[in-house]
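Fair warning: this is a prediction, and the values are worked out from it, not measured in the lab. A, B, ... follow the sequence lines: proteins, then strands. Residue 1 opens every chain. As a basis for the values below, the full set of heavy atoms in this structure was taken, side chains included, without hydrogen atoms, waters or symmetry mates.
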2 protein chains.
Amino acid sequence: MTSPRDDDPQGEPDGQEGRPRRGAQGPEAAGHRAHGASIRDVARLAGLSPGTASRVLSGSSYPVSDDARQRVEEAARALNYVTNSAARALVTGRSEIVGAIVHDITDPFFSGVVRGLQDAAVADGLVVLVGNDDRDAGKLEGYLTMLLSQKPTGVVLIGGQLRDPAATLPVAQAVQRLRDQGVPVVAVGRYELDIPHVTVDDVAAAECAVSHLVALGHRRIAFLGGPLNSTTVQDRYAGYSAALTHVGAPVDERLVIQTPLTLEGGSQAIARLIAAEAPFTAIFAATDEVAFGAISALRERGCRIPLDVSVVGFDDVVMAAHSDPPLTTIHVPARALGLAAWHLIARDESGAGAAPGASHLPFELVVRASTAPPSEVFKHEHAITVGGAGGEPAASPSESLTWTAGLDKPNGE
Amino acid sequence: MTSPRDDDPQGEPDGQEGRPRRGAQGPEAAGHRAHGASIRDVARLAGLSPGTASRVLSGSSYPVSDDARQRVEEAARALNYVTNSAARALVTGRSEIVGAIVHDITDPFFSGVVRGLQDAAVADGLVVLVGNDDRDAGKLEGYLTMLLSQKPTGVVLIGGQLRDPAATLPVAQAVQRLRDQGVPVVAVGRYELDIPHVTVDDVAAAECAVSHLVALGHRRIAFLGGPLNSTTVQDRYAGYSAALTHVGAPVDERLVIQTPLTLEGGSQAIARLIAAEAPFTAIFAATDEVAFGAISALRERGCRIPLDVSVVGFDDVVMAAHSDPPLTTIHVPARALGLAAWHLIARDESGAGAAPGASHLPFELVVRASTAPPSEVFKHEHAITVGGAGGEPAASPSESLTWTAGLDKPNGE
DNA sequence: TTGAAAGCGGTACCAT
DNA sequence: ATGGTACCGCTTTCAA
């Protein structure tokens, strides 16, 4: 086979037909490497050059005659041509991928954000890589590094971040490396590291939620969620604290329970709250999940919601409207946040300059049946048995209040 | 001729330090193409050839001296080298990406499966692309095509499939195209199209769940979930039907409500079920979500669970243990399924041959408090007010039964 | 065991 | 408007 002509050292045939590849239709795909048609195959069939074919197929704005365009498109269809994105990414230095990192895709709020991001990105022809960091800076950094090698169009960090300078440094460096490669990094709901981000005004929202309890007459309100050095939790705690301070009710440290933002976390928090032996008539949970967990634990102890204890959540996941009782909570537009994150990236990519430091989406207090005025009978700990006439649960269908303050602050902090 | 080294008009200084790259702080507009170090840079710094560097960096099994290996690794570290996966994918014809398609990542069961897949894939150094198809064959096909251009290491289809030959054909073709490129396609919980898959024995599990209700004395049991031509729903229906038939209780068509597998779907189903005016004492929901939705709608109508109506779900999502009442359901190992899907792909990739047609993971009936014997007082429709002494709710902590039948059938159908 | 060089499949620059 | 072609960064023969 190797018949080296004079100037053909490697005996590389290749002339113009000798490609050892599969031509369009390999009925007998005996070999294991069955590549599809390449852009050169398309060009050849269309009787044009690869350059022209590329200009058509890549949707370039470069001028191409209608005739050529049509022939290329037809040839591509005939050959079942599919762009090799690795090749494209190699030459353009950018892949049509956007990376998303959540703490845990299993969390209903995060999956909602991811869904919004996916819908937006897919509409623009990109795909979304999803990774979990379990709120671990090390995992986050590792994932960012994996993303670096993909040269994605953008990266979205979803969810709050722990304020831990030591752990944050490597993350900051990984983010910087991405940026050095021209990859925009944005966030949903966090604002450390100078990352442009979209979020809801957590402080105001939490204050709004707790003010609702205060308005109902509650003063001894517990805060469930942690850790407190998480940007998200910290802000919600700040709002909680503000609402209380506002009416001259100091925060009772014993009512602040730091617990993971999960169902389990919520349940465990109740045990600790009760062990603290500090009376309370209401609970503000940093997350709906925590609220559900708390409610379930409360109920196990014979406590009735909202007769004995009122509960407010945060996020308004779908389940909130279907739980027992339906949960009063802060509606956060999860999907819209994901969508907005994509816009942040797209704006950056389109050369419209880097995104602003922060932008806010409106939240809403949705009053359902888990909150009511405190009952007259004072109660705490296991002694919760009789609830007294605690007043009517909120009217249903749920009322809702949209909070417009702080909306669309383009560069707020 | 045309040595790729000399005449370098595109401004590639190249000396040994002159790369216009970052020096920890990119002075902003220094240039738009800030590439990282390439493998050639690493090789040069190590005083070796790119080939050798590649053999070290790509974890090739090719023999390399310890000395060389060490120098390459050090150089890579010094330069902060990160592999360009596009380049690697281009030459190897395979990217280190696995594609996952779910109906909706927002569904807690699917996100659990995805999480398992991610954990397994990430452990092997791959990343996961996640897309949603909303149970729409068109979207599914579109996503498969996008994946085709990525040349992923494997593709996982998650969730049941609608048995609709017309809509299925394009999907089958897209799957075939993937396979033609050597991309293994596997599934979690579906078994159409000859796709190797892992799942739980839905028929047996549903039969187990409904048998539990039957054993409690229920005969008029409603089935909630649809559409019935979904592989998953069909199987669960089959199990439901079998359990009933087994005790000589024929299926009452009026008690079979086809409804989307969502919270809303569950709620709406109740309205229709009641409108059907057929008495029932228990409900078997094809999904926990449906069960939650149903319970919420039932409660709105003043119906007590399980006093007036018993409810069984399917999946055992985390919430099932925290709902009111805690839900009796079939535990499906979501994460394990995702993990198993990855093993199916990995086995294929490792040349161990294509995966078997089907493999089953064990399920478990978890009895919690949403089921009890039917009350003596007969009731239906809005007349549900008095429940009578319906017997004790199931003991808590929940009992659980592991179903070992049909376990690990390597090639079962 | 290492080096040299040929591409993988696109894209984009430079002529034409 | 099109064609020719030099790369992108990496892996992988083939030679040494």
Side-chain angles (χ1 to χ4, degrees), chain A residues 2 4 8-14 16 19-21 33 35-44 46-69 71-72 76 81-96 149-151, chain B residues 1-12 19 33 35-44 46-69 71-72 76 81-96 149-151:
Chain A
T2 35
D8 198 349
Q10 298 305 352
E12 175 62 28
D14 192 42
Q16 51 179 356
R19 278 323 241 319
R21 287 190 300 96
R33 281 291 161 261
H35 295 258
S38 80
I39 202 167
R40 270 180 259 260
D41 298 323
V42 173
R44 197 174 308 140
L48 293 164
S49 74
T52 304
S54 170
R55 297 190 262 257
V56 172
L57 265 11
S58 66
S60 156
S61 59
Y62 204 93
V64 174
S65 73
D66 286 343
D67 174 61
R69 178 176 306 279
R71 275 156 64 199
V72 168
Y81 172 77
V82 179
T83 302
N84 179 325
S85 18
R88 176 177 289 174
L90 177 57
V91 63
T92 62
R94 192 103 312 157
S95 70
E96 286 162 311
S149 84
Q150 298 286 348
K151 304 228 190 295
Chain B
M1 48 201 113
T2 54
S3 156
R5 300 282 293 107
D6 33 23
D7 47 27
D8 203 345
Q10 295 313 341
E12 177 60 30
R19 275 328 246 310
R33 283 289 162 263
H35 295 257
S38 80
I39 203 169
R40 268 183 265 259
D41 297 325
V42 173
R44 197 173 308 138
L48 293 164
S49 73
T52 304
S54 169
R55 297 190 261 256
V56 172
L57 265 12
S58 66
S60 156
S61 60
Y62 204 92
V64 173
S65 73
D66 286 345
D67 174 61
R69 178 175 306 278
R71 276 157 61 199
V72 168
Y81 172 77
V82 178
T83 302
N84 179 325
S85 20
R88 174 177 291 175
L90 177 57
V91 63
T92 62
R94 191 103 310 158
S95 70
E96 287 163 312
S149 83
Q150 297 289 346
K151 302 225 191 296

Tell me: [atom1] of [X] to [atom2] of [N], nearest whole Å?
{"X": "A/Arg88", "N": "C/dC8", "atom1": "CZ", "atom2": "P", "result": "18 Å"}
{"X": "B/Gln150", "N": "C/dG9", "atom1": "CD", "atom2": "C1'", "result": "14 Å"}
{"X": "A/Ile39", "N": "D/dC7", "atom1": "CD1", "atom2": "P", "result": "20 Å"}
{"X": "A/Asn84", "N": "C/dG9", "atom1": "CG", "atom2": "C1'", "result": "6 Å"}
{"X": "A/Leu90", "N": "D/dC8", "atom1": "CG", "atom2": "C1'", "result": "4 Å"}
{"X": "A/Tyr81", "N": "C/dG10", "atom1": "OH", "atom2": "C1'", "result": "7 Å"}
{"X": "B/Arg94", "N": "D/dT12", "atom1": "CZ", "atom2": "C1'", "result": "17 Å"}
{"X": "A/Glu96", "N": "C/dG10", "atom1": "CD", "atom2": "C1'", "result": "12 Å"}

TODO: Check DNA chain C against residues 54-67 of chain B and give the residues with a non-hydrogen atom under 4.0 Å, in numerical order.
DONE: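 Hits under 4.0 Å, by residue number: B/Arg55, B/Tyr62, B/Pro63, B/Val64, B/Ser65.
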TODO: For the helix from C/dT1-D/dA16 to C/dT16-D/dA1, measure the angle between the helix axis at one end and the axis at the other, each built from five pairs, rounding to 10°.
DONE: 30°
Task: Exam field: side chain A/Ser95 to backbone A/Lys151, donor-acceptor pair closer than 3.5 Å - done: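 Checked: pair present.
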- [ ] Mark yes or no for whether B/Thr92, through its side chain, and B/Arg94, through its backbone, hold a donor-acceptor pair below 3.5 Å.
- [x] yes
Open item on the list: What contact category does A/Val72 fall into here, base, sugar-phosphate, or nothing, at under 4.0 angstrom with non-hydrogen atoms?
Closed with: nothing
Task: Distance, nearest 0.5 Å, that separates CD of A/Gln150 from CD of B/Glu96 - done: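 If I round to the nearest 0.5 Å, the distance is 8.0 Å.
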Task: Spacing of CZ belonging to B/Arg44 relative to CG belonging to B/Asp41, to within rounding of 0.5 Å - done: 5.0 Å
TODO: For the residue pair A/Ser149 and B/Ser85, confirm or rule out a side-chain donor-acceptor distance under 3.5 Å.
DONE: yes
Show me, pair by pair, the donor-acceptor contacts under 3.5 angstrom made by side chains of residues 58-68 of chain B, not counting sequence neighbours?
residue, atom, partner, partner atom, Å
B/Ser58, OG, B/Ser54, O, 2.7
B/Ser60, OG, B/Tyr62, N, 2.9
B/Ser65, OG, B/Ala68, N, 3.1
B/Asp67, OD2, B/Arg71, NH1, 2.9

Open item on the list: So which atom in B/Ala76 and which in B/Val42 form the shortest heavy-atom distance, rounded to 0.1 Å?
Closed with: N-CG1, 3.8 Å
Task: Within residues 46-53 of chain A, residues whose heavy atoms come under 4.0 Å of DNA chain D - done: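 Those residues whose heavy atoms fall under 4.0 Å from DNA chain D, taken from residues 46-53 of chain A in numerical order, are A/Gly47, A/Leu48, A/Ser49, A/Thr52.
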- [ ] Scan residues 56-65 of chain B for pairs that pass salt bridge (charged side-chain N to carboxylate O under 4.0 Å, His left out), counting only residues two or more places apart or in two chains.
- [x] none
Open item on the list: B/Ala53: which residues meet the side chain to side chain contact (heavy atoms under 4.5 Å, CB included) condition with it, sequence neighbours left out?
Closed with: B/Ile39, B/Ala43, B/Leu57, B/Val72
Open item on the list: Counting distance alone, no hydrogens or angles: does the base of C/dG10 have a donor or acceptor under 3.5 Å from a partner atom on the side chain of A/Arg40?
Closed with: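 For A/Arg40, whose side chain was compared with the base of C/dG10, there is a donor-acceptor pair (under 3.5 Å).
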Open item on the list: I want to verify a distance call: between C/dT2, D/dT11, D/dG9, whose nearest atom is closest to the B/Ala68 side chain?
Closed with: C/dT2
